[in-house]
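Following: one structure in structure tokens, then a few remarks.
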Amino acid sequence: MNRRFKFKPLRTLPLLLLAGVLFGLLAQPAQAQDLREGGHWYLKPRVGLTFYAGDRDGNEDNDLSQFFDDAGFGFGLEVGYHFTPAFALGLYHLSGRYPAIDNLDPALEPLDDTSEWRHIIGPAATFYLLPRARLTPYFLVGAGVVFGKVNGEYDVGFGPLAGLGLDLALSPRVGLFVEGTTFFSFPDTAVDGSDSPASGDDDSNADVLGFLGGGLRINFGSKPVPPVLGLSCPSGCFNPGDEVSFTSTMNEDATEPVEYRWRFGDGTEATGTAVTHRFDRPGEYTVILTASNKAGTVERSCPIIVGDVEINRLTATPQVVNVCDGGVPIRFAADVTSLPASLPATYLWDFGDGTSFEGLTPPPHVYQSREARTYTVSLRASNSCDSDVRTIPITAVCRMPPVIALTPVFFCDDKLKACPQGVYATRLSDDAQRTLVENLRALSAYLEELERYAEEETPSPELDKQCLLVEGYASRNERTRNPERLARQRAEAVRQYYVEQLSVAPERIRAVGRGLDENAEVRTTPVRCDELNN
């Protein structure tokens with residue numbers, strides 16, 4: 001009697017699955033992004049149950065429990081390469097014992113010198129649905145060749161392979177998996193030597209070999225090493241057109257090839273481990289280095305500030321001053337551009353006389369020295385990236401207006417220092433009239449020189465039209481009860497002579513009596529017309 005070993009797969013398989021899950025949960029946790037990596041070889045040994053569905057399965061009603069009762073034992077190996085964490089391609093092999101192929105049912109044609117073992121080999125692609133998760137479902141598809149001994153000869157069949165599974169990552173290098181696969185063999189006689197079932201019709205034209213089991217996934221080869229540890233960024237800030245150097249700090253063990261791509265934030269890019277770049281415009285830029293290899297992509301960035309300060313215009317009003325004319329205030333103004341706007345600018349004025357001012361618009365400045373010289377006024381505008389300096393000359397001159405002294409007119413003999421007793425002189429003598437004529441000539445020359453001075457010293461205030469103030473005096477030795485009236489009469493006599501005889505405009509001359517003076521004279525003084533009535 002042919003005795004066949006029987007074991008209970010329905011009891012054994014759940015225990016195996018439970019043991020695998022518990023082992024995975026108790027394993028030391030790893031970073032999710034490191035559990036499955038691309039760029040390495042792998043090995044997947046597997047063991048499990050084999051199932052046969054074909055002409056000789058003796059399972060007319062496709063009873064699931066009978067398939068398990070007739071199940072055999074199988075083992076296999078898969079060798080392949082993980083291109084990405086989600087995709088792998090390998091060479092699949094499975095050797096299994098399929099007891100139902102050698103079914104002793106008397107209704108079937110007996111087989112002679114036939115083995116219950118079949119061998120499947122072929123390529124298979126695996127697709128992981130959740131490659132970053134510790135536990136992920138996957139499916140595999142492939143094709144293969146099946147062969148085994150039937151009636152003393154080795155028959156060969158061909159067909160597709162499909163399967164589903166669960167992969168539990170224990171570490172980046174080791175994982176457990178359970179899977180079920182189905183292989184469809186063509187032609188119908190390749191597996192069991194028969195193209196008709198023991199009973200019923202044969203509608204499939206193919207035999208099916210199934211596998212349900214699990215195994216160990218082992219990754220080989222060095223783990224890809226990330227390419228960049230850091231980025232060397234220049235400190236400080238720069239001006240437009242400066243050459244700025246950037247250097248990546250590389251890991252010497254980084255997995256090759258490594259691609260480096262620089263983005264400078266101004267629309268330009270470059271490649272390489274070390275680069276230089278010129279920024280054409282002021283602004284704030286973020287320079288990004290992206291390094292990529294099989295381990296993934298790493299980014300590093302650093303900020304770069306490109307600044308600029310430019311003094312567009314510097315003005316001074318006036319630019320030539322007469323420092324001996326009372327000190328003329330000078331107003332300074334500047335037009336400055338400072339970029340980027342986030343950088344505050346500072347301003348420092350140096351007026352060339354030891355004084356300075358901080359700020360964009362200084363108050364009017366007055367030079368206190370009466371020395372004629374040229375002052376160099378400078379403005380320095382600065383931000384943390386750049387500075388600019390502009391200068392403007394200020395010409396300081398010292399020129400006083402011309403002065404004149406008119407000869408006084410005496411109404412008494414200047415040798416006596418007083419009028420004769422009882423004489424109250426108010427009438428101009430011939431000597432006095434000649435003195436007034438000489439005074440007027442001197443006054444005309446004085447006015448011409450004054451006009452030239454005003455034209456040459458344009459920054460000085462415009463001088464008003466000149467007028468004459470006639471001041472009369474009386475002596476203490478003169479016997480008069482009213483010296484003030486005598487003084488006014490004498491001043492008025494001089495004024496009338498200027499107006500009537502010398503054609504001086506009446507509105508430009510004024511006569512006043514000043515009272516007593518030991519010289520008993522009349523003095524004529526040039527004054528500004530706006531001071532004539534003071």
Taking side chain as C-beta onward, heavy atoms only, is Pro99 less than 4.5 Å from Asp70?
-> no
Considering non-hydrogen atoms only, spot the tightest contact between Ala334 and Leu314 and give its length.
-> CB-CD1, 4.0 Å
What are the two closest non-hydrogen atoms of Ala270 and Val275, and how far apart are they?
-> CB-CG1, 4.1 Å
Residues Leu343 and Leu339: closest non-hydrogen pair is CD1-O, 4.5 Å
Can you find a heavy atom in the side chain of Phe357 that is under 4.5 Å from one in the side chain of Phe332?
-> no
With a cut-off of 6.0 Å (strictly less than), are more than 12 heavy atoms of other residues, nucleotides or ligands near CZ of Arg331?
-> no
Is a side-chain donor or acceptor of Asp386 paired with a backbone partner of Val309 at a separation under 3.5 angstrom?
-> yes
Answer yes or no: is there a donor N or O on one side and an acceptor on the other, between the side chain of Arg278 and the main chain of Gly241, under 3.5 Å?
-> yes
Identify which one of Arg300, Arg263, Glu269 satisfies the side-chain hydrogen bond (donor to acceptor under 3.5 Å, both in side chains) criterion when paired with Thr290.
-> Arg263
Short question: side chain of Arg313, backbone of Ile311 - any donor-acceptor pair under 3.5 Å?
-> no
Taking every non-hydrogen atom, the tightest pair across Thr276 and Ser245 = CG2-OG, 3.4 Å
Okay, side chain of Thr136, backbone of Asp167: is any donor-acceptor separation there less than 3.5 Å?
-> no
Any donor-acceptor pair under 3.5 Å linking the side chain of Arg173 with the backbone of Leu170?
-> no
Would you call Ile304 and Phe238 a side-chain contact if the rule is heavy atoms closer than 4.5 Å?
-> yes
Does the side chain of Ser292 come under 3.5 Å of the side chain of Thr297 through a donor N or O and an acceptor N or O?
-> yes
Worked check of side chain to side chain contact (heavy atoms under 4.5 Å, CB included) between Leu216 and Leu176 = CA-CA 5 Å; Leu216 192 65; Leu176 292 175; 3.6 Å; yes
Pair Phe186 + Phe158: ring centers closer than 6.0 Å = no
All heavy atoms of Val258 vs all of Ala291, minimum pair found to be CG1-CB, 4.5 Å
Counting N and O atoms only, with roles assigned by atom type, does the side chain of Arg118 sit under 3.5 Å from a partner on the main chain of Val191, one being a donor and the other an acceptor?
-> yes
Check: Trp262 side chain, Gly272 main-chain N or O, donor-acceptor pair, under 3.5 Å | yes
Rounded to the nearest 0.5 Å, how far does CG of Leu43 lie from CZ of Phe220?
-> 5.0 Å
Taking the inter-plane angle between the rings of Trp349 and Phe351 on a 0 to 90° scale, is it parallel (under 30°), tilted (30 to 60°) or perpendicular (over 60°)?
-> parallel
Would you check if Leu209 and Asp207 make a side-chain contact, meaning some heavy-atom pair closer than 4.5 Å?
-> no
Does the side chain of Pro240 come within less than 4.5 Å of Asp280's, by heavy atoms?
-> no
Ring pair (Phe, Tyr, Trp, His ring centres under 6.0 Å) partner of Phe51, the single match among Tyr98, Phe211, Phe68 = Phe68
Is there a donor-acceptor contact under 3.5 Å from the side chain of Glu116 to the main chain of Ala100?
-> no
So, Tyr128 versus His82, ring centres under 6.0 angstrom or not?
-> yes
Parallel, tilted or perpendicular: which fits the ring planes of His365 and Tyr367, with parallel below 30° and perpendicular above 60°?
-> perpendicular
Flag the pair Trp117 / Lys149 as yes when at least one side-chain heavy-atom distance between them is below 4.5 Å, and no otherwise.
-> no
Kindly give the heavy-atom pair with the smallest separation between Thr374 and Pro393, and that separation in Å.
-> CG2-CB, 4.1 Å
Do Phe127 and Phe87 make the cut of ring centroids closer than 6.0 angstrom?
-> yes
Whether Phe246 and Phe279 hold their rings parallel, tilted or perpendicular, with breakpoints at 30° and 60° | perpendicular
Rounded distance (nearest 0.5 Å) linking atom CG of Leu140 with atom CG of Leu164 | 7.5 Å
Rounded to the nearest 0.5 Å, what's the gap from OG on Ser95 to CZ on Phe73? Could you check?
-> 10.5 Å
For the residue pair Thr391 and Ser378, establish whether any side-chain heavy-atom pair is separated by less than 4.5 Å.
-> yes
Measuring from Arg217:CZ to Arg46:CZ, what's the distance to the nearest 0.5 Å?
-> 12.0 Å
Glu299 atom CD: more than 12 heavy-atom contacts under 6.0 Å | yes
Flag side-chain contact, heavy atom, 4.5 Å: Thr361 against Tyr347 | no
Among side-chain atoms of Thr189 and Asp155, is any donor-acceptor pair under 3.5 angstrom?
-> no
Could you tell me the separation between the CD1 atom of Ile218 and the NE2 atom of His40, rounded to the nearest 0.5 Å?
-> 12.5 Å
Judged by atom type as modelled, is there a donor-acceptor pair below 3.5 Å linking the side chain of Thr247 to the main-chain atoms of Ala274?
-> no
CG-OG1 distance between Leu161 and Thr182, expressed to the nearest 0.5 angstrom | 8.0 Å
Tyr260 vs Thr271, side chain to side chain contact (heavy atoms under 4.5 Å, CB included): CA-CA, chis, key distance, verdict | CA-CA 5 Å; Tyr260 298 88; Thr271 58; 5.7 Å; no
